[in-house]
Amino acid sequence: MDRAQFYKEVYSITKEIPYGNVFTYGKIAQLIGNPQYSRMVGQALSHAPKEEDLPCHRIVNSQGRLVPSWQKQKELLEKEGITFKRNGCVNMSKHLWDITGSLTSTIGISPTSATWQ
DNA sequence: AGTTTGACTCCCT
DNA sequence: TAGGGAGCCAAAC
């Protein structure tokens, strides 16, 4: 898979994140088939064109550890119904996007190539 | 062409 | 749950 394709997949997945749910960089990378490319996912989103309507604020790091990257997005997430811990860690245990039930045919990803769970 | 940096993740404490 | 360190890849310098 080339880099352009990787970016494309990242954008597609990001756009498919339902309202009130969050997702992680690593999960996306894993979903595409490159679990080690977690950082690239972040970079892909960093130059993601705004006209693409990417809900990048729904993307957080693996465990909701530190801030998602910008603490500003935390407030946006709260508006969507995402709950946070007192310190600011996103409660992704509840709001993590269950992609296994959401189906991935819309983005044209082969479940066989991706090693989820 | 080598070094630094970043919207990361995993492991351990 | 929180915090620090090592590993990771690609782009920027």
Side-chain angles (χ1 to χ4, degrees):
Chain A
M1 174 185 304
D2 63 309
R3 184 172 39 77
Q5 183 66 28
F6 182 84
Y7 275 46
K8 187 178 177 182
E9 301 288 345
V10 172
Y11 297 149
S12 301
I13 294 174
T14 305
K15 281 194 285 191
E16 293 304 317
I17 300 176
Y19 182 94
N21 282 256
V22 297
F23 215 56
T24 74
Y25 299 93
K27 282 287 197 294
I28 294 177
Q30 179 177 314
L31 185 61
I32 296 174
N34 300 282
Q36 305 305 103
Y37 279 48
S38 50
R39 307 189 73 156
M40 299 298 92
V41 176
Q43 282 198 24
L45 292 175
S46 70
H47 13 118
K50 301 181 182 65
E51 50 269 22
E52 288 293 332
D53 256 355
L54 298 176
C56 39
H57 57 272
R58 295 183 188 141
I59 310 293
V60 298
N61 40 344
S62 68
Q63 298 172 8
R65 264 191 174 182
L66 289 226
V67 295
S69 305
W70 333 273
Q71 302 177 326
K72 280 300 168 189
Q73 307 321 87
K74 173 172 160 292
E75 301 181 16
L76 279 173
L77 291 171
E78 286 180 317
K79 289 174 138 185
E80 297 198 355
I82 309 289
T83 56
F84 286 83
K85 287 302 178 181
R86 292 179 60 179
N87 202 317
C89 289
V90 64
N91 196 342
M92 39 101 62
S93 304
K94 288 186 176 182
H95 301 290
L96 218 200
W97 182 27
D98 184 13
I99 195 165
T100 58
S102 298
L103 217 265
T104 56
S105 54
T106 50
I107 49 183
I109 291 184
S110 310
T112 51
S113 62
T115 315
W116 23 44
Q117 293 189 38

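Between the P atom of B/dA7 and the NZ atom of A/K74 lies a distance of 20 Å, rounded to the nearest Å. Going from atom CG of A/N61 over to atom P of C/dA2 covers 11 Å, rounded to whole Å. Between A/Q30 atom CD and B/dT9 atom P there is a gap of 11 Å when expressed in whole angstrom units. Following rounding to the nearest Å, A/M40 (CE) and B/dT5 (C1') show an atom-to-atom distance of 11 Å. Residue A/R39 contributes atom CZ, which lies 13 Å from atom P of B/dC10 at whole-angstrom precision. Atom P of nucleotide C/dA11 and atom NE2 of A/H47 are separated by 8 Å, given to the nearest angstrom. The CZ-C1' distance, from A/F6 to C/dC9, rounds to 9 Å in whole Å. The separation between A/I32 atom CD1 and C/dC9 atom C1' is 14 Å, rounded to whole Å.
If you check distances only, the side chain of A/Y37 never reaches the base of C/dA10 with a donor-acceptor pair under 3.5 Å.
Taking hydrophobic clusters as Ile, Leu, Val, Met, Phe, Trp and Tyr residues chained together by side-chain heavy-atom distances below 4.5 Å, A/L96 shares a cluster with A/V60.
Rounded to the nearest 0.5 angstrom, A/L76 CG and A/R58 CZ are separated by 9.5 Å.
Neither side chain, A/H95 nor A/E80, offers a donor N or O lying under 3.5 Å from an acceptor on the other.
The two residues A/V90 and A/V22 have their closest heavy-atom pair at CG2-CG1, 4.5 Å.
Comparing A/S38 and A/Q43 against DNA chain C, the residue whose closest nucleotide sits nearer the 5' end is A/S38.
Nearest to the side chain of A/C89, among C/dA2, B/dA7, C/dC9, sits C/dA2. Considering only side-chain atoms of A/S62, the nucleotide from B/dC10, C/dA10, B/dA7 that sits closest is B/dC10. Among B/dA7, B/dT9, C/dA11, the nucleotide with an atom closest to any side-chain atom of A/C56 is B/dA7.
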